[in-house]
Chemist: 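So that we are looking at the same thing, I have put the structure below in structure tokens.
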Number of protein chains: 2
Amino acid sequence: METALDQVFSALADPTRRRILGMLLEDDMAVTDVAEPFEMSLAAISKHLTILTRAGLITQEKRGRVKWCKLEPLAMREAVVWIESFGELEPLNYDAFEQFLQNELKTPAEAEDGS
Amino acid sequence: METALDQVFSALADPTRRRILGMLLEDDMAVTDVAEPFEMSLAAISKHLTILTRAGLITQEKRGRVKWCKLEPLAMREAVVWIESFGELEPLNYDAFEQFLQNELKTPAEAEDGS
DNA sequence: TCAATCGTCAACCATATGGTTGAATATGGA
DNA sequence: TCCATATTCAACCATATGGTTGACGATTGA
């Protein structure tokens, strides 16, 4: 079984996908616009976007005939946390971790004071 | 051309290699000893170690007939820096994260019932 | 000296990955 | 309605990846 971490790291291992993430930092984008600066087919970019979506690094929402891509930096932070503390995290419960991150992002103040 | 970042991220994308890195956190190890807990051939582990070496995540030094593997955590820094360059990444709430970790590190049963 | 140990190499295999092209499926707008 | 636009699908291709086995070279130690 492929873990979330596997998917995040292998998604980040491709320069095209990292460049796409960098573009999405500016703003949400339509698939066609994401593909525009690349010298490869739209279908190829579409596949890259699927990989980024499965890794949780972006989400895609279809409005009309346009599918908008949005950066989801949460997924990357999981990777950073692993790198920064991979020794201690050995038997990490990823479900609980995900919940922790979700909670923290949703209500930072509440998460801080534990209420 | 494969960048350093490509190599680090794709090296980290494999669970066997992440586990090896975790083992090397404890201490330097001989190739044979690295391979021991895995249910795969020594040759397979040797290949994984080559990949980790090319990514700069470990170094290998041969003393006598034993080749010692040493963790090189600085190589991961480049990856962290790339990820953190994403401005939208809110700084992690380390206090809350610490609490989460403490809870995680208890036995699974304890963590489950929250005691 | 000579067998045992350490680790890699070479050949091979199955599957994954990253790309292509052309057809198909919405949806929007005139 | 009908065409253009947005995106994916399907088939295909070349190469990469992660594993195997068996042979091999280097080194140790009895």
Side-chain angles (χ1 to χ4, degrees), chain A residues 1-24 27-71 79, chain B residues 1-24 27-71 79:
Chain A
M1 59 200 74
E2 201 180 20
T3 72
L5 215 40
D6 292 350
Q7 295 190 55
V8 170
F9 279 129
S10 64
L12 292 177
D14 184 278
T16 298
R17 290 192 289 263
R18 287 201 305 276
R19 190 170 152 205
I20 291 174
L21 293 175
M23 291 163 59
L24 291 176
D27 204 354
D28 299 356
M29 295 179 78
V31 172
T32 304
D33 295 332
V34 169
E36 196 272 331
F38 292 94
E39 286 174 348
M40 69 180 71
S41 68
L42 183 61
I45 296 295
S46 178
K47 284 187 187 180
H48 281 303
L49 292 172
T50 299
I51 289 169
L52 289 170
T53 300
R54 279 196 286 118
L57 290 163
I58 68 170
T59 48
Q60 291 181 287
E61 184 195 355
K62 193 168 179 183
R63 285 203 295 275
R65 64 182 164 185
V66 174
K67 203 164 181 180
W68 293 92
C69 305
K70 177 180 167 53
L71 188 65
Chain B
M1 61 210 74
E2 201 181 21
T3 73
L5 214 42
D6 292 351
Q7 294 189 55
V8 171
F9 279 130
S10 65
L12 292 177
D14 184 278
T16 298
R17 290 192 289 264
R18 287 200 305 276
R19 191 170 151 203
I20 290 174
L21 293 174
M23 290 163 59
L24 290 176
D27 203 354
D28 299 356
M29 293 180 79
V31 173
T32 304
D33 294 332
V34 169
E36 196 272 331
F38 292 93
E39 286 174 348
M40 69 181 70
S41 69
L42 182 61
I45 295 296
S46 178
K47 284 188 186 178
H48 280 302
L49 291 172
T50 299
I51 289 169
L52 288 170
T53 299
R54 278 196 284 119
L57 290 163
I58 66 169
T59 48
Q60 291 182 287
E61 184 195 355
K62 192 169 179 181
R63 286 203 295 274
R65 65 183 162 184
V66 174
K67 203 165 181 182
W68 293 90
C69 305
K70 178 180 165 57
L71 188 66

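For the numbers below, each heavy atom of this structure counts, side chains included, while hydrogens, waters and symmetry mates do not. Letters A, B, ... mirror the listed sequences (proteins, then strands); counts begin at 1.
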Chemist: Looking only at heavy atoms, what is the nearest atom pair of B:Leu5 and B:Ala79, with distance?
Modeler: CD1-CA, 3.8 Å
Chemist: If I take atom CG from residue B:Leu49 and atom CD1 from residue B:Ile20, how far apart are they, to the nearest 0.5 angstrom?
Modeler: 5.0 Å
Chemist: Between A:Arg54 and A:Arg63, which residue's closest nucleotide on DNA chain C lies nearer the 5′ terminus?
Modeler: A:Arg54
Chemist: Check step by step if side-chain contact (heavy atoms from CB on, under 4.5 Å) holds for B:Met29 and B:Leu24.
Modeler: CA-CA 7 Å; B:Met29 293 180 79; B:Leu24 290 176; 3.8 Å; yes
Chemist: If you take all heavy atoms of A:Asp6 and B:Arg18, which pair is closest and at what distance?
Modeler: OD1-NH2, 2.7 Å
Chemist: Assign each of A:Asp14 and A:Lys62 to its nearest nucleotide of DNA chain C by heavy atoms, then name whichever residue's nucleotide is nearer the 5' end.
Modeler: A:Asp14
Chemist: Roughly how many Å is it from CG in A:Leu42 to C1' in C:dA24, rounded to a whole number?
Modeler: 14 Å
Chemist: What contact category does A:Ala43 fall into here, base, sugar-phosphate, or nothing, at under 4.0 angstrom with non-hydrogen atoms?
Modeler: base
Chemist: May I ask you to say what A:Arg17 touches in the nucleic acid, namely base, sugar-phosphate or nothing, with a heavy-atom cut-off under 4.0 Å?
Modeler: sugar-phosphate
Chemist: Round to the nearest Å and state the distance from B:Trp68 atom CH2 to C:dC6 atom P.
Modeler: 11 Å
Chemist: Quick one: B:Lys67 NZ to C:dT5 C1', roughly how many Å, whole number?
Modeler: 16 Å
Chemist: Would you find a donor on one side and an acceptor on the other, under 3.5 Å apart, between the side chain of B:Arg17 and the backbone of B:Leu12?
Modeler: no
Chemist: Report all side-chain donor-acceptor pairs from residues 55-64 of chain A shorter than 3.5 Å, counting only partners two or more places apart or in another chain.
Modeler:
| residue | atom | partner | partner atom | Å |
| --- | --- | --- | --- | --- |
| A:Thr59 | OG1 | A:Glu72 | OE2 | 2.9 |
| A:Gln60 | OE1 | A:Thr53 | OG1 | 3.1 |
| A:Glu61 | OE1 | A:Arg63 | NH1 | 3.2 |

Chemist: Rounded off to whole Å, could you give me the CD1-to-P distance for the B:Ile51 and C:dT8 pair?
Modeler: 13 Å
Chemist: Just the rounded figure in Å: distance from C1' of C:dC9 to NZ of B:Lys47.
Modeler: 10 Å
Chemist: Which two nucleotides bound the region of DNA chain D that has atoms under 4.0 Å from heavy atoms of chain A, read 5' to 3'?
Modeler: D:dA4 to D:dA11
